[in-house]
Amino acid sequence: MAEEEEKEMKEEARVVCCIGDIHGYITKLQNLWSNLESAIGPSLFHKALVIFLGDYCDRGPHTNQVLDFLISLPSKYPNQSHVFLCGNHDFAFAAFLGILPTPPDGSHFRQTWTEFQMNEAREGWYRGEGYQNMHLQGRRWAGKMSGFNHAKGTEYKGSIYDAGPTFQSYGVPHASPDLRKAVPDEHKKFLSNLVWVHEEDDVYMETKDGLKKCKLIAVHAGLEMSRSVDEQMNYLKAKNTKIPKVESLSGRRNVWDIPKELSKTPTIVVSGHHGKLYVGDFRLIIDEGGGFPNNPVAAIVLPSRQLVRDTDQIDK
């Protein structure tokens, strides 16, 4: 690439910050936000595109305050652009509150139970007030699960989603239907407006071949390898709640890699969800925190690919 061309690209490149799963940790979020501003510089930071990769609730103690912080950003930083992705935990929280969009084919949410009904007793699905037409993930989220989660090496916090701390942050006991009254309308509106996928056409990133102009797809867990990208994008943009388990929000191995059809043009796929930090050529997974109290919450800054954490000691 000619030196003059690269210089023009650098001048054109907008700063993009992709922020990993927060999981109810308000102090980590505040510290990360401050560190991002210091690392990038106020002038660029205040004009940045900021993409939150989802999972704002559960595990940590301050879901209520985290949502207040996120809701306040557009008014505090009017020159920034903000994208708030839906994570599987946020989807389930919204399902319990009864604020998911209805299935486009007119079916009932109780039809989402059928495929996974054999897990109801083991996962302790919610059977309290309002459960009769609640989406599967809402029942799992507010269900009762105790004991040791061997996959995570921690005790369950109320349910399979570790939703107990979210109930507590609103001042109600776990699995109480009173949560629907306790959650403010502005929080419900925020959760109902979360997008399942976000696309950007002109995002610049440093690569081994120099600075490249790329397409970016941000989605909480990733895109499935076994389904066409167009099909997935269509149901994600439509927020099709007929699906009992949305793999792009909750999958693991099947959404780790980038679908081969996206290799025709440089495409970044960025996600959180996996409880890991992975920075590949074009696949970015930013979830160093994983909802664990002693892990940092991380962000990646493009085009530089700089990693910023809440624990970083940056000269202010």
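- In terms of heavy-atom proximity, Gly60 sits nearest to Pro165 at O-CB, 3.2 Å.
- One side chain, Arg283 or Ser271, offers a donor N or O that lies under 3.5 Å from an acceptor on the other.
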Query - Steps toward salt bridge (charged side-chain N to carboxylate O under 4.0 Å, His left out) verdict (Glu199, Lys215) - result: CA-CA 7 Å; Glu199 292 179 281; Lys215 181 184 177 78; 2.8 Å; yes
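- Considering all non-hydrogen atoms of both residues, Cys86 and Leu249 come closest at O-CD2, 3.5 Å.
- Side-chain atoms of Lys157 do not come within 3.5 Å of backbone N or O of Gly164 as any donor-acceptor pair.
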Requested in this report: Using the salt bridge (charged side-chain N to carboxylate O under 4.0 Å, His left out) rule, take Glu206 and Arg305 through it: C-alpha gap first, then chi angles, then the decisive distance, then the call.
Outcome: CA-CA 7 Å; Glu206 292 287 353; Arg305 299 165 68 100; over 6 Å; no
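- Tested against His220 for a ring pair (Phe, Tyr, Trp, His ring centres under 6.0 Å), the candidates His273, His89, His198 yield a single pass: His273.
- At least one donor-acceptor pair closer than 3.5 Å links the side chain of Asp287 to the backbone N or O of Gly275.
- Phe52 and Phe84 have their aromatic ring centers within a separation under 6.0 angstrom.
- A heavy-atom distance below 4.5 Å is found between the side chains of Leu277 and Ile286.
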Report task. For salt bridge (charged side-chain N to carboxylate O under 4.0 Å, His left out), just list the numbers for Glu247 and Arg227, CA-CA rounded to whole Å, side-chain angles, deciding distance to a tenth of an Å, and then say yes or no. Result -> CA-CA 11 Å; Glu247 289 296 320; Arg227 300 175 71 175; over 6 Å; no
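- If you run ring pair (Phe, Tyr, Trp, His ring centres under 6.0 Å) between Phe96 and each of Tyr161, Tyr131, Phe91, Phe167, only Phe167 comes through.
- Leu85 contributes atom CG, which lies 10.5 Å from atom CG of Asp55 (distance to the nearest 0.5 angstrom).
- Figure legend: Arg14 and Tyr204 shown without cation-pi pairing, the cationic atom not lying both under 6.0 angstrom from the six-membered ring centre and within 45 degrees of its axis.
- Here the side chain of His82 pairs no donor or acceptor atom with the backbone of Val50 at under 3.5 angstrom.
- Scored by the side-chain hydrogen bond (donor to acceptor under 3.5 Å, both in side chains) test, Arg139 finds Glu120 as partners (sequence neighbours excluded).
- Gln232 places a side-chain N or O within 3.5 Å of a backbone atom of Glu224 that can act as its donor or acceptor partner.
- Looking at heavy atoms from C-beta onward, Phe282 lies out of side-chain contact with Ser263 at the 4.5 angstrom threshold.
- Scanning for ring-ring contact (aromatic ring centres under 6.0 Å, His included) contacts around His108 gives an empty result, with sequence neighbours left out.
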Query raised in the report: Stepwise, does the side chain to side chain contact (heavy atoms under 4.5 Å, CB included) test hold for Asp312 with Leu32?
Result: CA-CA 8 Å; Asp312 292 344; Leu32 176 63; over 6 Å; no
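- Of the possible polar contacts, none joining the Thr311 side chain to the Pro296 backbone as a donor-acceptor pair under 3.5 Å is found.
- Taking all atoms of both residues into account, the shortest heavy-atom contact from Gly128 to Tyr126 is C-OH, 3.2 Å.
- Applying the ring-ring contact (aromatic ring centres under 6.0 Å, His included) rule to pairs touching residues 236-271 yields Trp256-His274, Trp256-Tyr278, sequence neighbours excluded.
- The same ILVMFWY cluster, assembled from side-chain heavy atoms under 4.5 Å apart, contains both Val297 and Leu73.
- For His46 and Tyr77, the gap between ring centers is short of 6.0 Å.
- Taking a 6.0 Å sphere around NZ of Lys242, one finds it holds 12 or fewer heavy atoms contributed by other residues, nucleotides or ligands.
- For the ring-ring contact (aromatic ring centres under 6.0 Å, His included) test, residues two or more places apart in sequence or in another chain that qualify with Phe109 are His135.
- Looking only at distances, a side-chain donor or acceptor of Asn254 sits under 3.5 Å from a matching main-chain atom of Arg252.
- In the hydrophobic clustering of ILVMFWY residues, with side-chain heavy atoms under 4.5 Å counting as a link, Ile285 and Ile19 come out apart.
- Dense packing is recorded around CZ of Arg122, with more than 12 heavy atoms of other residues, nucleotides or ligands lying under 6.0 Å away.
- Without hydrogens or angle criteria, Ser192 side chain to Lys188 main chain gives a donor-acceptor distance under 3.5 Å.
- You'll find the side chain of Arg309 reaches within 4.5 Å of the side chain of Glu288, heavy atoms only.
- Summarising the geometry of Pro244 relative to Thr112, their closest heavy-atom pair is CB-O, 3.3 Å, with the distance given to 0.1 Å.
- Met145 approaches Tyr156 most closely through the heavy-atom pair O-CB, 3.5 Å.
- Put simply, Val219 and Ile243 are part of the same group of oily side chains (I, L, V, M, F, W, Y) that touch within less than 4.5 Å, one to the next.
- Side-chain rings of His187 and Tyr170 approach one another, their centers coming within less than 6.0 Å.
- A heavy-atom distance below 4.5 Å is found between the side chains of Val301 and Leu36.
- Between the Lys28 side chain and the Pro293 main chain, a donor and an acceptor come within less than 3.5 Å of each other.
- Residues Thr166 and Asp58 bring a donor and an acceptor atom of their side chains to less than 3.5 Å of each other.
- One finds the CG atom of Asn119 at 7.5 Å from the CZ atom of Arg140 (value rounded to the nearest 0.5 Å).
- Taking the six-membered ring for Trp and the full ring otherwise, Phe116 and Trp125 have centroids separated by 6.0 Å or more.
- Without hydrogens or angle criteria, Gln80 side chain to Phe45 main chain gives a donor-acceptor distance under 3.5 Å.
- Here salt bridge (charged side-chain N to carboxylate O under 4.0 Å, His left out) pairs that include residues 256-277, with residues two or more places apart or in two chains, number zero.
- Heavy-atom contacts from other residues, nucleotides or ligands closer than 6.0 Å to NZ of Lys239 number more than 12.
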Query raised in the report: side chain to side chain contact (heavy atoms under 4.5 Å, CB included) between Thr114 and Leu136: does it pass, once the steps are laid out?
Result: CA-CA 9 Å; Thr114 307; Leu136 167 67; over 6 Å; no
Requested in this report: Please step through side chain to side chain contact (heavy atoms under 4.5 Å, CB included) for the pair Leu302 and Ile268, ending with a clear verdict.
Outcome: CA-CA 11 Å; Leu302 302 177; Ile268 303 161; 4.2 Å; yes
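- Side-chain contact check for Asp230 and Ser228: no donor-acceptor pair (N or O, by modelled atom type) lies under 3.5 Å.
- The backbone N or O of Val172 sits nowhere less than 3.5 Å from a side-chain atom of Ser176 that would complete a donor-acceptor pair.
- Note on residues 40-49: no pairs pass salt bridge (charged side-chain N to carboxylate O under 4.0 Å, His left out), not counting sequence neighbours.
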Query raised in the report: Please walk me through it: do Ile217 and Val197 pass side chain to side chain contact (heavy atoms under 4.5 Å, CB included)?
Result: CA-CA 7 Å; Ile217 299 174; Val197 68; 3.8 Å; yes
